Amino acid sequence: MSELCTNPKKPKLKEDEEEEEANVSCREEQEEVLVALVEHRSNEIERLNHHISNYQNKLVEAERSLQNSKAKLAQLRGASVPSISSKKDQKPLKTLRNVSEDYASPSPSKTLRPCDSSDHPRSSCGSSVSKAKTVVVKQKSETSRDSPNVKDRGMKRKFEHKEHQELIRLIARNSSPTTVKCHTSNQISSQHKRKLRSLILCPVNEQLFATSSLDGMVSLWQLQPGRLAASLLSTTDCLSRKQRRWAEDMAWHPSGNTLFSVYTADDGDSQISILNLNKTRGVTFLENKPHIKGIINNIKFMPWESTCFVTGGSDHAVVLWNESDDEENKWKSKTLHRNLHSAAVMGVDGMRNKNVILSVGADKRIYGFDVQVGRADYKHQIDYKCMSILANPCDFNLFMVQSGEPEKQLRLFDIRLRKTELHSFGWKQDSSESQSALINQSWSPDGLYLTSGSVDPVIHVFDIRYNARKPTQSIKAHQKRVFKAEWHYSQPLLISISSDLNIGLHKIS
């Protein structure tokens with residue numbers, strides 16, 4: 001009889017347990033969402049307070065400068081002739097003169113010209129490597145003698161704290177694309193002997209950019225004002241010490257004075273070099289060697305107030321490098337993680353609104369590692385290997401991942417939404433079906449467009465507002481595959497590099 005009474009209760013107990021587990025799971029999910037929301041809004045308040053404080057300081061400085069200028073103007077208009085002619089009162093005039101000189105275009109006598117057969121009768125730009133080395137020596141000597149500071153060439157660009165712009169709500173909202181008009185294009189010889197590898201723009205001088213190639217040379221270029229052309233300023237041998245390997249990737253120091261290159265961790269070779277553009281000592285190599293094996297695939301300076309950069313390598317490691325206050329060109333390395341990725345780390349980048357480092361790998365995984373907390377807060381895995389990652393320059397929550405999936409190579413994600421893909425883009429390849437990690441992307445300055453290279457000789461342009469996956473347009477740019485097309489941050493210009501050994505300059509609007 002007791003058995004008859006107890007048996008019917010078992011299913012009911014089981015139902016109660018399942019209901020309780022469901023409630024607990026629901027509460028945990030709600031708690032997780034609320035914790036993330038609280039953290040996001042706290043960071044938003046902190047960021048806004050920082051901006052308020054920054055603008056208040058700027059306001060005080062502007063008011064002080066205004067008062068000084070008014071006082072100097074009144075002093076100049078005064079009737080006291082001896083006081084105006086004194087050395088003390090001549091300083092305002094000198095200051096104004098220096099300001100105008102700072103923003104003047106560079107003097108022709110101090111601007112290096114591209115190497116030309118008339119300038120170098122014994123050597124030619126398109127000749128053998130031994131002849132190219134002769135050009136390098138001459139250009140180095142001219143640079144050290146005539147150009148004391150790289151940042152003085154051309155117009156200077158001031159560092160500013162960027163404001164966050166909400167672009168995620170615009171993604172895939174339009175049924176028709178907004179195209180970019182490409183008016184004229186010009187190709188110039190890169191003067192490299194082997195395929196190009198990297199193209200980067202100077203962060204503080206809008207006229208400078210640099211290229212590197214498999215010949216181990218790093219070339220510094222200057223855009224010619226008013227013309228769709230560029231002059232070669234210098235070429236430097238940046239091969240690694242032991243294996244004499246080329247640079248796998250490059251990054252420009254935020255100050256604009258130095259170029260950083262990464263190599264390989266095999267056989268105890270140098271892992272990072274620094275090319276000093278303002279001093280004659282040229283290339284130096286860092287002693288630290290935190291990566292333990294394989295190629296170092298990527299280097300990025302973080303968009304933070306403190307100067308630091310991050311490297312990702314084939315040893316599955318993501319390494320943070322902080323600048324030492326004690327000595328110039330001394331950097332302290334710290335391995336953030338080596339066990340999160342189970343394959344090579346192919347790309348790294350940093351979020352602007354928080355100290356989070358993004359990394360993607362050939363293991364198909366995407367991580368967002370919080371440096372302050374010391375753990376990965378963002379985790380996601382897609383169905384194809386990841387080859388690069390780029391944070392949006394305007395929307396600080398948006399980032400792009402390049403995958404190996406045909407016709408769906410580019411994916412958009414929101415750092416606040418886990419395991420959620422916002423949109424994807426892609427293209428068909430005529431010459432090859434394989435997806436190359438050497439193909440790179442670039443955001444437009446307004447954060448609304450993406451350009452991508454291709455194994456075909458075209459530049460693909462994508463509008464994130466367009467709800468289709470295909471390119472908004474494809475610009476015929478080169479004779480062979482395009483590795484990268486970089487948007488210029490202040491001029492209506494695209495700069496591209498290709499395996500045809502040419503640099504493309506494309507005027508757009």
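Please read these numbers as outputs of a predicted model, since none were measured by experiment.
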Worksheet entry | Pairing of K484 and D249 as salt bridge, 4.0 angstrom limit | no

Discussion item. Against W321, only a single residue in F260, F309, W331 fulfils ring pair (Phe, Tyr, Trp, His ring centres under 6.0 Å); can you say which?
Written reply: F309

Worksheet item: Does CD belonging to Q479 count more than 12 external heavy atoms closer than 6.0 Å?
Response: no

Fill in: Any V461 side-chain heavy atom under 4.5 Å of I475 side chain
yes

Worksheet item: Side chains of R411 and Y384: is there a donor and an acceptor less than 3.5 Å apart?
Response: no

Fill in: Set of residues satisfying side chain to side chain donor-acceptor pair (under 3.5 Å) with respect to T472, sequence neighbours excluded
none

Discussion item. Would L336 and I357 count as a side chain to side chain contact (heavy atoms under 4.5 Å, CB included) here? Give the steps.
Written reply: CA-CA 10 Å; L336 297 179; I357 295 173; 3.3 Å; yes

Practice prompt. Indicate yes or no: does D349 engage K300 in a salt bridge with an N to O separation below 4.0 Å.
Written response: yes

Worksheet item: Are the charged groups of K364 and E405 less than 4.0 angstrom apart, N to O?
Response: no

Worksheet item: Is there any side chain to side chain donor-acceptor pair (under 3.5 Å) pair reaching into residues 491-509, and which pairs are they, with sequence neighbours excluded?
Response: H183-S509, S185-H506, Q187-N502, H478-S496, H478-D500, S496-H506, S498-D500

Discussion item. Please tell me whether Q409 and S403 have a donor and an acceptor in their side chains that are separated by less than 3.5 angstrom.
Written reply: no

Worksheet item: Is D370 salt-bridged to R375, cutoff N-O under 4.0 Å?
Response: no

Worksheet item: Relative to each other, are the rings of H341 and H337 parallel, tilted or perpendicular (30° and 60° limits)?
Response: tilted

Worksheet item: Passes ring pair (Phe, Tyr, Trp, His ring centres under 6.0 Å), Y378 versus F399? Steps please.
Response: CA-CA 13 Å; Y378 181 89; F399 63 92; 5.8 Å; yes

Worksheet item: Using the ring of each side chain (for Trp, its six-membered ring), is W221 parallel, tilted or perpendicular to F209, with breaks at 30° and 60°?
Response: parallel

Item to complete: Count the heavy atoms belonging to other residues, nucleotides or ligands that lie under 6.0 Å from NZ of K419, then report whether that count exceeds 12.
Response: no

Discussion item. Are more than 12 heavy atoms, taken from residues, nucleotides or ligands other than R416, located less than 6.0 Å from that residue's CZ atom?
Written reply: yes

